[in-house]
Amino acid sequence: MNKYSLSLGLMLFGVAFAQGQDPATISWMLVSSAFVFFMVVGLAFFYGGLVRRKNALNTMMMSFVSLGIVGITWSVIGYSLAYADGNRFLGGFGYFMLNNVGLEGEGIPTILDFVFQGTFAIITVALISGAVVERMRFSAYMMFITIWSVLIYAPMAHWVWYLGGDGGWFKNLLGGEALDFAGGTVVHINAAVAALVLAFMIGKRQDFGKKAMLPHQVPFTLLGAGILWFGWFGFNGGSAYAADAKAALAMANSLLAPAATIVVWATLDYFRAGKVTAVGLATAIVVGLVAITPAAGFVTPMSAIIIGIIATFPCYFFINWRAHSSLDDSLDVFGAHGLGGITGALLTGIFATNFGDPEAATGGLNQFLIQFVAVVIAAAFSGVGTFLIASLVKLVLPLRSDDKIEAQGLDVAMHGEEGYSDGEGALLIPVSSSKKAALVAGQVVSS
Amino acid sequence: MNKYSLSLGLMLFGVAFAQGQDPATISWMLVSSAFVFFMVVGLAFFYGGLVRRKNALNTMMMSFVSLGIVGITWSVIGYSLAYADGNRFLGGFGYFMLNNVGLEGEGIPTILDFVFQGTFAIITVALISGAVVERMRFSAYMMFITIWSVLIYAPMAHWVWYLGGDGGWFKNLLGGEALDFAGGTVVHINAAVAALVLAFMIGKRQDFGKKAMLPHQVPFTLLGAGILWFGWFGFNGGSAYAADAKAALAMANSLLAPAATIVVWATLDYFRAGKVTAVGLATAIVVGLVAITPAAGFVTPMSAIIIGIIATFPCYFFINWRAHSSLDDSLDVFGAHGLGGITGALLTGIFATNFGDPEAATGGLNQFLIQFVAVVIAAAFSGVGTFLIASLVKLVLPLRSDDKIEAQGLDVAMHGEEGYSDGEGALLIPVSSSKKAALVAGQVVSS
Amino acid sequence: MNKYSLSLGLMLFGVAFAQGQDPATISWMLVSSAFVFFMVVGLAFFYGGLVRRKNALNTMMMSFVSLGIVGITWSVIGYSLAYADGNRFLGGFGYFMLNNVGLEGEGIPTILDFVFQGTFAIITVALISGAVVERMRFSAYMMFITIWSVLIYAPMAHWVWYLGGDGGWFKNLLGGEALDFAGGTVVHINAAVAALVLAFMIGKRQDFGKKAMLPHQVPFTLLGAGILWFGWFGFNGGSAYAADAKAALAMANSLLAPAATIVVWATLDYFRAGKVTAVGLATAIVVGLVAITPAAGFVTPMSAIIIGIIATFPCYFFINWRAHSSLDDSLDVFGAHGLGGITGALLTGIFATNFGDPEAATGGLNQFLIQFVAVVIAAAFSGVGTFLIASLVKLVLPLRSDDKIEAQGLDVAMHGEEGYSDGEGALLIPVSSSKKAALVAGQVVSS
Amino acid sequence: MKLVVAVIRKEKLNDVLASLFENDIHGITVSHVQGHGGETEKVETYRGLTVKMELTEKIRLDIAVTDPFVERTVKSILKTARTGEVGDGKVFVLPIEKAYRIRTGEEDAEAVTPVLSTL
Amino acid sequence: MKLVVAVIRKEKLNDVLASLFENDIHGITVSHVQGHGGETEKVETYRGLTVKMELTEKIRLDIAVTDPFVERTVKSILKTARTGEVGDGKVFVLPIEKAYRIRTGEEDAEAVTPVLSTL
Amino acid sequence: MKLVVAVIRKEKLNDVLASLFENDIHGITVSHVQGHGGETEKVETYRGLTVKMELTEKIRLDIAVTDPFVERTVKSILKTARTGEVGDGKVFVLPIEKAYRIRTGEEDAEAVTPVLSTL
Ligand SMILES: Nc1ncnc2c1ncn2[C@@H]1O[C@H](COP(=O)(O)OP(=O)(O)O)[C@@H](O)[C@H]1O
Ligand SMILES: Nc1ncnc2c1ncn2[C@@H]1O[C@H](COP(=O)(O)OP(=O)(O)O)[C@@H](O)[C@H]1O
Ligand SMILES: Nc1ncnc2c1ncn2[C@@H]1O[C@H](COP(=O)(O)OP(=O)(O)O)[C@@H](O)[C@H]1O
C-alpha cells in the first residue's frame, strides 16, 4: 500500500495509458461493478421481505448462492461463450478458464470487463428465483442456475453485446441494431421469461389462492428496493463504459424514470384502494428501473419520465390481475421485469435519439420493429431453453420440495436454520453423541 | 456495452474533453450523486427504526415517496428556479422541463449537475418528515412537499449556490459571501426550521408525554446512521465538484467531526445516565455530520474535530430538554439538524481558512456576522414559507390523521399494510366478491 | 457548489496536478475509503445478527464506537506512528495531531492517505469484538481499543506499509519483502490473534456449551456479509492506490475467491449436514475475502479461485471443531480471520506472480518462508501486546460484566436500551421526579 | 360457562377460524405459543453447533362459551385441526366462574355473545 | 384463589397497569395475543391481493388473586380498559386450586403476595 | 386432570424442560409473556426520555397432567426454576374438566399421554 504500490501503480498506469487505458474510466467501471454486485444483496432483501417468515433465509440464499455459483461458471466458461471470438450466435473458447483475460485491453483491462459483465450474469440468475420461492428445492435450484447461466445467459449476452467480427446476432437484425443499453433484453426479459416458465413447471404453492401469504418484513423490501436503485446507477451508468456525459445521462434517466413510476403507481394505488402502499412503491421503483434499462443512454431525460409513466400501466394491471389468477409467479418477476423490460425495449425503439451522432440509431417504426423482433427472439429462446434445462434437472432431482416441508417452511428443512430465533427450547446435542453420529456418514445429526 | 459503447464513449469523451469536461471529475460526481441518493434510504431506516412498530412503514414511506415527488418537481421546475439565470433572488425558467439541461456543460455535463443537486433537494424534503411522524396524514404530507420543494427549497438553493451574473443573494451579504460548503443552510437549517413549524402546526401525538413511545428497531436506526454517514462522503466530498485535494479534505472532515461528536456524546451520556446509548450514538453521528457540512471544504481536519466537539453540546442538551418539553418534534429534526446546522454555520465563520488561496474567505468576526445573518434569513424564510404552505394545504386536507387512526397506527390506515406480519388470521377475499366490490368505485375493498 | 467551487476545484486541481496528483486516482481512493468505511457498518450487522437478541445493540455498538474512538486516536497519534518518518520499527511524531497532513502529497493528497488508512485501523479494531461479545464490559472494551489501536495496530501498519527510508521492518525480512497487498497480516491476523487472546482472558460465556445460543437475526448476518463484500472491493481494490489494471485485478480476485469459497463451503455443508446453511454461506464469504486480501494484487484470477478453495478447509474444520471445544471465540474471529489470513498470507508466497515487472517478488519457497516468518512475528506481537494491554485495563476495570447482567443481556445493562421494543409496560418517569433525580449526581434515573 | 383452550398447528389456524365462524362462534383469543409433544424434533446446525429444537410453533386458542356451545366448539376444532400426524394438538375445557364484557359491564352469558352489528 | 384473565386493547395496557398498581395488585403476567370479536375487520392490500384481517392485536392479563381481591381487580380493569367501542375485551374469572411461589415454595395466599421491598 | 400453569424466568426454560422430560412429562405448551411482580424495574433512556420498564420477559408453561402427575410436575418446576432472587415466578394449578387429543379424538387421561414412538 501507500507509496510503494503507488509507484508500482504509476508504472502500470504508464503501461495502461500507453495501451489506451484511461484511469478515470477504470475508476468508474470499478465502482459500477461494485454497485451492480450490491444489487444482488438488494435483491435478496427485496425478495426476502416479501415471503413468509419461514422461508426468509431460503429466499435470500437463492440470491446469495448465485454469487458463488455464477461467479464460478462465468469465469470457467460463461464469459468465454459470451465475449470470446466465435460466430454471430455464440462466442468461443478463447477465454475458457480466464485464459487471455488479463490486465491488458483497450479502454479498460479485460479483467475489469469480465468483472462488470459477471455481476450482470449473477443478478440475472438471481432475479429468476422470485417466481419459485417458498417451494423450489434448493439443490434443484442450484443445479438449474449452474446450467442456465452458461447455456442461456451467455449466448444472449453474446447476441446483444459482442462486438468482434460482425458483432452478435442482435447487432444486425432486420438491417439494424436491436438497441439495449444496459440489458433490458439480456437481463430482464430473459430472467422474466425463465421465471414464468419455471413457475409453470413447478406449480403453485399449496396455499396459493387459499390463504393470504403476506410479506413478513416490508422494511426489508424497502431496503432492498433502495439498494437496487442505488446499484442500478452502476448498472445503467456503467453501461456507458466511460465516465462521460453518456453515463451522466444514463444516471439522470435512472433517477427520473422510477420517480415517474412511483408517482403514477401511487396515484393508481390511491384511486384503486384509497391508499399508497409500500410494497407498491417498492415495486414501482423496480418497474421504472427495468423500463429505463434498455433506453438509459439513448433517450432524453424527459423521454425517461414518459417511459417511466407508460411502463407503469401494463405492470400495474398485470400484477393486480395475476394475484387473482392461478399463476403463481410468486413475487411477480414477469409482471415487473418481463412487462417492464418489454415495454422499455419497445419504447426505446420509439424514443431513442442519436444526440447528434449521425451513425447512431434513432427511434421510429423501423427501430420499433427491430426491437419487437429482438424481444420475441429473446423470449422464445429463454422460454424454450428454460423448459429444456428444467426438464433435464427434473430427471435427476425433483424440482419441488414435498408438501410437508413446504408447510413447515423451507428454512429449517433446506438450510437447517431459522431466520429469527431466540434459541429457547433449543437443546445442544452434546459433543460425544454428535461425534458418534458423525461417524454415520451422511447422517443429518452430526458435528 | 463492451467495445461498441466503449468506442462511442470515447467519441463522446473526445467531445466532452474538448468542452473542458474531465472524466475523473465526472466519475467522482456520478459516484457522489449515487451516494447522496443512498442517504434517502439511510434516512428512511434511521427514522423508521425510531418510531413505533405500527408506524414503521408510514415513516419510511415519507422518505421514499420524496424520491418520486421531488424527483419530478425538481425536473419540472425546481432545478430551473434554482439554477437557471434569473435575478439574485430567484432563478428563471430557462431549465423548465429540463430544457437546455443536456450533455454539454463546463466541467461536468449540466445533466449531472441536475442529478447531484436533485438528490440534495430530495433528502432535504425527507428530513422534514421526522418532526411529524406517527400522526401526519400521508396525502397532506405529499401535497406539502410537492409545494415546499419548489417554493422554499429551490429559491434558497439559488441564493447560496447560483453563480451566474452577480451570483445568488448569499454570495454577497454584508459585503461578503455566506460560506456553505455542502448545504448547512440550504439543507439542514432549512429542513429543521420547516420541521419545527410543521410540528407546532400539527401538534403533538396523543400519547406524547403520557406514554413511553420507544424505538421499535434500534438496529434499523444504526443501519440508517451508517448509510447516512457513508452517503455523506458524497454529499460533502462531491460538493468540491472535483476529485481533488479539496474533496479529500471534505472527506477527512466528514470522518473526523462525527468521530469527535461520538466520543463527546458518549462521554456526556456516560456521565448523565451511566450508559452509552445506541440511539445516542446514532444521533451523534448525524449531529457531527450536520455540523461539518457547511465547513467541510473550508477548515482543517483539526478544526473539524473541534467543530464536532462543540456542536455536541447545544444538540445534546436541547434534545434532552425537548423530550420533557411540550414540543413534539418527534425525531428531533430541529435538535439535530437545526442546532447542528446553525452551530456549524457559525463556526465556519470562525474556523474557515483559505488554504493559500488569497481570494477565498477566511474566518473572523466579519465572516461570523455574515454567517449569522445568513442563518437568520434562511430560518425566517423557511419558517414563514412553511407556515404559509402548510396553511394552504390545510384548506384542502386536514394535516393530521384522526385520533382513532393514530391509536391504531398509520401503517394499516394510510397504506393498508403492516410492516411485519405472519399472515395468520388473514383471510383472502375471494376473486368473485372482490371483483364485484371493484365495481363500486372508490370503495376500499377492491381487487 | 456548482460553478464557483468548480473553478476553485479546477484551480486546486491545477495545483494538484502540478504536484503529480491524479484526479482519477483521487476519485478511486475517495470511493475506496468510503467503501472500507461502510465495512464497519457491515461488520456491525454481520456480528449483530449472530448474537442473541438481548445483546444485539451491544454487539453493534462495539463496531460503531470504534468509528469514534479509533477515528480520534488515529488522527491524534496512530497515523503518525504508522506513517511519519521514524525507524524501521516505528514511525515518528511528524504527523502528531495531523501536523503536516495536508492537501499536498505525491499521487494523492496526504490527507486522503490518512482517511483511507484510518478506515483500515477502524475495521481492524472492530473485528476483534467478535470474540468477546455478550460478556465483555463496554467501558473496558472502549479503553482496550483506545490503547490497542495506538500500540499494536499503528506499529504493525508501519512494519508492512511504511516506505520512507529503508521501509518498514517487513519490507526486508530474510532478504525479501513480506507481501501483504491489502492487509492480511496487519488487519486480519493481527485482529484475529488479539481476539483469541482476549477470548481466553475474558473466558467463556456462562451459557457456553450448556445452551444453544442461536443467531437472533440471520438476515442481518447476510446483510452484513453483503455489505462487507461490497466494501471489500474498496479495501482490496483501493490498496492498488491507483485506478488501474492492478485495481481491476484486485477486484476480480475479490469477486472470485469468495465465490469459490462459497461453492466449496456449501459442498462441505451439504455432505456434513445435508444442508447448505445461510450462516455458513455468510462465513464463507468472509473467509474467501480474508484469504485473498494479502494476495489480491499479486495473483492471477485463477490463483484467486484456488486460494478461495484451499482456504475453505482449515477454516471450515476449525470452526466446526471450535464449537465443541471449550474456546469461546464467540463469533469465530480466529477461525475466519486468523486461519483465513494465515492461509492467504502463506499462499501469497506461493502464487504471487510479477506480471512482467522484473522487480516485483514472485512466489516460491523463499517467498513462502518470508511470509511464514512475517505471520509468526505478527501473531506473536499481537498476542503478547494484547495480553499486556488487556492486563493493564484489568487493573482499572473488570474486563467482564457480572453474571447477572450477562444473563439479563448487555443491551439493557450497558446501554439502557433494548434493540426491539414495543414500548408496552414502559412507564414514563414524569419530568418533576426525574428533575429531582437529576440533582443526585451520578444516579441512574435522571433526565 | 367454560373456557375451551385448544393448541393447534400453525398452518391450521385459518381453517379452524373459518369453521368456528360457521358455527357462530365469534369470540376468540389467539396466541402464538411453542409446543413440545410427541413430534419429531427438528435438528438445526449453526457453524458446527448441532441443536435439537424441542419446541415447535403452535397456536393456542382461548374461547369462552356458554355450556350449550361447548360441544359444538370442541367438535368443530377436533374436526378441522386434524391431520392425523403426531403434533395435531389438544383441546382442554376449563370451568369459568364469571365473565364480563368490558365495554358494557354485562356478565356471563351476555358477556360472550358478540355483537355482530358491525359486520 | 382465582385467576382473573382479561383480554384488553393494546393501547389500554399502560392505564390498566397503573390502575392495578394503585389497587395494590402487583403480580401480573401479560401476553401479546390476537383477538377476534365483533370488531370491524381491517382490510389490507398487497400487490392486488385484498385480505381481511380477522384478528386484532390485544393484550391478555393473567392475575392470580386471593378471593377478597377478585372484585377489586375486576372492577379496576372494567373501569380503565373501557372505551365504549366494540372490541374492548372481556374478563374471565377461573378457579385456582393451588398456587406456589417458586422462589420460596410458599403456597396459596402467601404465594401471590408480592414482596415490594425492592421498590 | 389439572392444568399446571408456571411462570418462570426466561433463562431457566432449558433447565426446566430438561427436568420435566426426565420426569416423563412430555406434553408442554410454552408462551413468551411479560411479568410484573416484586422485581426491581429496569430503567431505560432514549434521547433524554427516561422510562421504567414495569415488565420483565418471562416464560409461561401450560402443562395438562392427570392428577397423579401433578405433584411431580410442580416439584420438578419448583426445584429447577429457583434462583432464590425475587422474580423466580409462580406455579398455579387449575382444574380441567375435559381434555381431547385432536389427532385421535381420545379423551382425558389418554389425551395427554404422549406417543413417544417417534423419538
Ligand atoms: N399435556 C399437555 N399439556 C399442554 N400442552 C400439550 C400437552 N400435550 C401436548 N400439548 C401440546 O400439543 C402439541 C401437540 O401434542 P403432541 O403430543 O405432539 O401431538 P398428538 O396430540 O398428536 O400426539 C404439543 O406441541 C404441545 O403444544
Ligand atoms: N368468547 C370469547 N372468548 C375468548 N375471547 C374473547 C371472546 N369474546 C371476545 N374475546 C376477546 O375480546 C376481544 C374483544 O371482543 P369483542 O366481542 O370484539 O368486543 P366487545 O366485548 O366490546 O363486544 C376479542 O378481540 C377477543 O380477543
Ligand atoms: N399474582 C400473580 N398472578 C400472575 N402472575 C404473577 C403473579 N405474581 C407474580 N406473577 C408472575 O411471576 C413473576 C415473578 O413474580 P415476583 O413476585 O416478582 O417474584 P417472586 O415470586 O420471586 O416474589 C412476575 O414477573 C409475574 O410474571
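In what follows, chains carry the letters A, B, and so on, assigned in the order in which the sequence lines appear, proteins first and then strands, with residues in each chain numbered from 1. Not measured: the values here are computed from a predicted model.
- Residue contact with chain C, scored on non-hydrogen atoms closer than 4.5 Å, is absent for V40(A).
- A donor-acceptor pair under 3.5 Å links the side-chain atoms of W28(C) to the main chain of G237(C), judged by distance alone.
- For the pair N58(A) (side chain) and L410(A) (backbone), a donor-acceptor distance under 3.5 Å is absent.
- A266(C) does not touch chain A: none of its heavy atoms, backbone or side chain, sits under 4.5 Å away.
- Looking at W321(C), there are no atoms closer than 4.5 Å to chain A (heavy atoms on both sides), in backbone or side chain.
- In this structure, the ring of F35(C) has its center less than 6.0 angstrom from the ring center of F230(C).
- Most heavy-atom pairs under 4.5 Å with chain C: of the set S33(A), S139(A), G48(A), A34(A), this distinction falls to A34(A).
- You'll find the ring centres of F114(C) and Y83(C) outside the 6.0 Å limit.
- A 6.0 Å sphere centred on OH of Y270(C) holds no more than 12 heavy atoms belonging to other residues, nucleotides or ligands.
- Heavy atoms of P258(C) lying under 4.5 Å from chain A are absent altogether.
- Contact of V279(C) with chain A is made through backbone and side chain together, with heavy-atom distances under 4.5 Å.
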Fill in: Derivation and outcome, side-chain hydrogen bond (donor to acceptor under 3.5 Å, both in side chains), residues W232(C) and T293(C)
CA-CA 9 Å; W232(C) 223 297; T293(C) 293; 2.9 Å; yes
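- Among the candidates G71(A), S421(A), G118(A), the residue making the largest number of heavy-atom pairs closer than 4.5 Å to chain C is S421(A).
- With a threshold of 4.5 angstrom between heavy atoms, I285(C) approaches chain A through side-chain atoms but not through N, CA, C or O.
- For chain A, the nearby parts of L222(C) are the backbone and the side chain; heavy atoms of each come within less than 4.5 Å.
- For chain A, the nearby part of V31(C) is the side chain; its heavy atoms alone come within less than 4.5 Å.
- Looking at A44(A), there are no atoms closer than 4.5 Å to chain C (heavy atoms on both sides), in backbone or side chain.
- Atom-to-atom distance recorded for M251(C):CE and L256(C):CG is 11.0 Å, nearest 0.5 angstrom.
- Between chain C and the options V76(A), T110(A), V115(A), heavy-atom pairs under 4.5 Å are most frequent for V115(A).
- For L249(C), the parts sitting under 4.5 Å from any heavy atom of chain A are the backbone and the side chain alike.
- Of the two parts of M97(A), the backbone and the side chain both hold a non-hydrogen atom closer than 4.5 Å to a non-hydrogen atom of chain C.
- K210(C) touches chain A through its backbone: at least one of N, CA, C or O sits under 4.5 Å from a heavy atom, while the side chain does not.
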